[in-house]
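Quick caveat, the model's predicted, so the values are computed rather than measured.
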Amino acid sequence: MRYGLMQRAMWAAFRRSFQAAIHTVLDETDADGVIRRAKKKYREILKNVDEFDKGSPLGVDPAQIRHIFITHQDTDHVGAVEADSDGLFRDAMLYIGEVENRYLTAEKRRRVYFGAYKLPQVTIKNQKTLLTDGQIVTVGDIRIECILVPGHSWGHLVYLIDEQYLFTGDTLWLGADGGYSFLNVLAEDNKTAVRSLNELERRLRERGLRPLIITGHTGWTDDLDFAFAHTDRVCNALRRQKPHDPAAPYDAYDESEDTELAAKTVRLEKVKGL
């Protein structure tokens, strides 16, 4: 799906933060020059994306994927199952929230930028199972608990797997100093998103759960206090950010070890024993 206007609006919002990251992390004075060179490299990378997406480097046959759980219907999360995709997962059952499905049926329209912009409707032809808050789904011997966290989208779900892994989609943004409610410009309603994040933390703590928290865009953490450090605040995409974290375990801009072999065999230190 092509978002034309949306892409330009996103670039307008994030351009300053991206330029700041180039200056701070790469110590480059010509940010626009770096961006121009990156575009050329990006096109080269895209030539090889199709085969990677089809799973061959990881030894995964898409036809064997029978169950796909959707946190929300934004195209960066469901692009591989949209009607205009390559259809790699056309035979899989999709699990999506009953409320979130109203976007797919056009009962609701997804809005961003504080309600000013409507995103194009997403179309998915797979068979769907609709989920509700608190519902438990079992796939084989895997227990999946569905938790409704409206705000980023009205029907956003997070999934608690075997009470050990929590997939948060676009509910949580992990910064260098802890977690925030996700980007303000992409939420249906930021106040609702903050309330949902606080409720999610409450539910986990009441049950004494400390799952591995896996976000949709900003990595993972096993530190509950870090994840919910700023649950009363929203990550402001319109403000210049400070992207450099001197305590980070590795330099994300150093791609010297980003090889296919490493992607398949090397795990981060904390998850080697999982």
Taking all non-hydrogen atoms of both residues into account, name the closest pair between [X] and [Y] and its distance.
X: Arg143; Y: Ile136; result: NH2-CD1, 3.3 Å
X: Val122; Y: Leu104; result: O-CD2, 3.5 Å
X: Gly216; Y: Thr168; result: N-OG1, 4.4 Å
X: Ala227; Y: Thr221; result: CB-CG2, 3.8 Å

Please examine the side chains of [Y] and [X], heavy atoms only from C-beta on, and report whether any two atoms are closer than 4.5 Å.
X: Ile68; Y: Val81; answer: yes
X: Trp220; Y: Ile213; answer: no
X: Arg202; Y: Leu197; answer: no
X: Leu94; Y: Thr129; answer: no
X: Ile124; Y: Val78; answer: yes

Distance-only polar pair, side chains of [X] and [Y], donor-acceptor under 3.5 Å:
X: Asn184; Y: Asn236; value: yes
X: Thr105; Y: Arg102; value: no
X: Ser153; Y: Glu100; value: yes

Say whether, by atom type as modelled, one donor and one acceptor occur between the side chain of [X] and the main chain of [Y] under 3.5 angstrom.
X: Asp223; Y: Asp225; result: yes
X: Gln73; Y: Asn101; result: no
X: His156; Y: Leu148; result: no
X: His72; Y: Trp154; result: no
X: Ser85; Y: Ala80; result: yes
X: Glu206; Y: Arg203; result: no

Under a 4.5 Å side-chain heavy-atom rule over Ile, Leu, Val, Met, Phe, Trp and Tyr, are [X] and [Y] clustered together?
X: Leu157; Y: Tyr95; result: yes
X: Leu209; Y: Tyr165; result: no
X: Val139; Y: Phe167; result: yes
X: Ile214; Y: Leu174; result: no

Fill in: Sub-6.0 Å ring centroid separation between His217 and His77
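So the answer is yes for these two rings.
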Decide if the gap between the ring center of Trp173 and the ring center of Tyr180 is smaller than 6.0 angstrom.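 Not close enough - the centres of the two rings lie 6.0 Å or further apart.
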#### Entry: Neighbour count above 12 (heavy atom, 6.0 Å) for Glu98 CD
no
One should read off an interatomic distance between Glu82 CD and Gln121 CD, to the nearest 0.5 angstrom, of 10.5 Å
Assess whether side chain to side chain contact (heavy atoms under 4.5 Å, CB included) is satisfied between Phe226 and Asp177, documenting all intermediate values. CA-CA 7 Å; Phe226 176 82; Asp177 57 346; 5.8 Å; no
Review point. Using 30° and 60° as the class limits, which term best fits the ring planes of Phe69 and Tyr159: parallel, tilted or perpendicular?
Key: perpendicular
**Prompt:** Which one of Leu183, Thr171, Leu186 satisfies the side-chain contact (heavy atoms from CB on, under 4.5 Å) criterion with His152?
**Reply:**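 When Leu183, Thr171, Leu186 are each tested with His152, the side-chain contact (heavy atoms from CB on, under 4.5 Å) holds only for Leu186.
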